[in-house]
Amino acid sequence: QVQLVESGGGLVQPGGSLRLSCAASGSIFRVNMIHWYRQAPGKQREFFAAVRRDGATTVVDSVKGRFTISRDNAKNTAYLQMNSLKPEDTAVYYCNLPDVEISQYEYLDVWGQGTLVNVSS
């Protein structure tokens with residue numbers, strides 16, 4: 001089994017910053033792609049960022065220039081640095097490993113439980 005735990009959420013004022021972590025543990029052979037999603041109140045969960053094992057990243061336009069994603073392969077951990085936060089960034093933030101290898105050529109799709117980010121004055 002693979003466990004995925006997000007942390008670092010909380011209440012922050014508009015314009016502030018937060019850093020989320022996403023730590024994977026358990027029977028892991030290799031973590032490949034890491035995806036970040038968020039779900040705002042009353043809305044569907046949406047993809048907004050990804051990081052490949054080689055460190056290459058993809059972010060959607062709505063967070064580009066404000067959010068930075070990175071990873072530490074030795075720790076099986078990903079990070080999301082969020083700056084210049086806006087009230088519309090308020091959401092539950094989820095980490096997803098869509099193709100984590102638990103043994104060579106055996107893959108799982110794993111989700112974390114989410115962490116709440118509340119941007120409010």
Side-chain angles (χ1 to χ4, degrees):
Q1 288 291 347
V2 177
Q3 295 79 42
L4 200 55
V5 177
E6 299 98 335
S7 60
L11 175 64
V12 62
Q13 291 188 340
S17 297
L18 280 177
R19 188 187 193 218
L20 306 186
S21 297
C22 166
S25 62
S27 301
I28 297 172
F29 177 71
R30 181 164 49 230
V31 175
N32 296 308
M33 289 293 292
I34 301 176
H35 291 170
W36 285 94
Y37 289 77
R38 64 184 180 179
Q39 187 167 16
K43 295 188 177 181
Q44 290 188 333
R45 190 174 301 186
E46 63 173 4
F47 165 85
F48 68 89
V51 56
R52 293 188 336 199
R53 185 168 179 81
D54 64 3
T57 61
T58 300
V59 294
V60 300
D61 287 345
S62 60
V63 304
K64 193 171 291 183
R66 299 189 299 122
F67 290 10
T68 302
I69 54 174
S70 60
R71 62 189 288 169
D72 184 332
N73 290 333
K75 296 181 179 179
N76 286 331
T77 299
Y79 304 97
L80 174 64
Q81 177 67 42
M82 303 185 294
N83 299 327
S84 303
L85 283 161
K86 305 175 182 180
E88 52 264 41
D89 294 318
T90 294
V92 178
Y93 283 70
Y94 297 91
C95 185
N96 165 239
L97 308 183
D99 56 358
V100 58
E101 288 184 82
I102 57 174
S103 64
Q104 197 169 17
Y105 307 128
E106 187 175 2
Y107 300 90
L108 291 179
D109 182 0
V110 179
W111 288 83
Q113 84 289 350
T115 185
L116 177 63
V117 172
N118 186 359
V119 185
S120 175
S121 54

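Position 1 is the first residue of the sequence, and the numbers go up from there.
One distance of note links CD of Gln1 with OG of Ser25; it measures 11.0 Å at 0.5 Å rounding. One distance of note links CD of Gln81 with CG of Leu18; it measures 8.5 Å at 0.5 Å rounding.
Considering only heavy atoms from C-beta on, Asn32 comes within 4.5 Å of Glu101 through its side chain.
Residue pairs satisfying the salt bridge (charged side-chain N to carboxylate O under 4.0 Å, His left out) criterion with at least one member in residues 107-121, sequence neighbours excluded, are absent. Listed by first then second residue, pairs satisfying disulfide bond (SG atoms under 2.5 Å apart) with a partner in residues 24-106 read Cys22-Cys95, not counting sequence neighbours. Applying the salt bridge (charged side-chain N to carboxylate O under 4.0 Å, His left out) test to every pair with at least one member in residues 36-50, sequence neighbours left out, gives these pairs: Arg38-Glu46, Arg38-Asp89.
Taking both residues in full, the closest heavy atoms of Arg66 and Leu85 are given as NH1-CA, 3.9 Å, listed atom of the first, atom of the second, then distance. Leu97 approaches Ala24 most closely through the heavy-atom pair CD1-CB, 3.9 Å. Looking at every heavy atom in both residues, Gln3 comes nearest to Gly26 through OE1-CA, 3.8 Å. Taking each heavy atom of Met82 and Tyr93 in turn, the nearest pair found is SD-CE2, 3.8 Å.
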Is there a side-chain contact (heavy atoms from CB on, under 4.5 Å) between Leu20 and Phe67 once you walk through the steps?
CA-CA 11 Å; Leu20 306 186; Phe67 290 10; over 6 Å; no
Ile34 and Asn96: CA distance, side-chain angles, deciding distance, side-chain contact (heavy atoms from CB on, under 4.5 Å) verdict:
CA-CA 6 Å; Ile34 301 176; Asn96 165 239; over 6 Å; no
Would you sort out whether Tyr94 and Tyr37 count as a ring-ring contact (aromatic ring centres under 6.0 Å, His included), showing the intermediate values?
CA-CA 5 Å; Tyr94 297 91; Tyr37 289 77; 8.2 Å; no
Side-chain donor-acceptor distances from residues 110-121 under 3.5 Å, at least two apart:
unit_1: Gln113; atom_1: NE2; unit_2: Glu6; atom_2: O; d: 3.2
unit_1: Thr115; atom_1: OG1; unit_2: Gly9; atom_2: N; d: 3.2

Distance-only donor-acceptor hits, side chain of residues 57-64, under 3.5 Å, sequence neighbours excluded:
unit_1: Asp61; atom_1: OD1; unit_2: Lys64; atom_2: NZ; d: 3.3

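Taking the six-membered ring where the residue is Trp, Phe48 and Trp36 present tilted rings, their angle falling between 30° and 60°.
Under the side-chain hydrogen bond (donor to acceptor under 3.5 Å, both in side chains) criterion, Asn73 pairs with Arg71, sequence neighbours left out. Residues satisfying the side-chain hydrogen bond (donor to acceptor under 3.5 Å, both in side chains) test with Arg53, not counting sequence neighbours, are none. Contacts of Glu106 classified as side chain to side chain contact (heavy atoms under 4.5 Å, CB included), with partners at least two apart in sequence or in another chain: Ile102, Ser103. Considering only residues two or more places apart in sequence or on other chains, Asn76 meets the side-chain hydrogen bond (donor to acceptor under 3.5 Å, both in side chains) condition with none of them. Applying the side-chain hydrogen bond (donor to acceptor under 3.5 Å, both in side chains) criterion to Asp99, with sequence neighbours excluded, gives no partner residue.
Of the N and O atoms on the side chains of Ser17 and Asn83, at least one donor lies less than 3.5 Å from an acceptor on the other residue.
Clustering of Ile, Leu, Val, Met, Phe, Trp and Tyr side chains at separations under 4.5 Å leaves Met33 isolated, with no partner residue. Residues near Tyr79 contribute nothing to a hydrophobic cluster around it, because no ILVMFWY side-chain heavy atom sits closer than 4.5 Å to its side chain.
Taken together through direct or relayed side-chain contacts under 4.5 Å among Ile, Leu, Val, Met, Phe, Trp and Tyr, Val5 and Ile69 form parts of separate hydrophobic clusters. In the hydrophobic clustering of ILVMFWY residues, with side-chain heavy atoms under 4.5 Å counting as a link, Val100 and Tyr107 come out apart.
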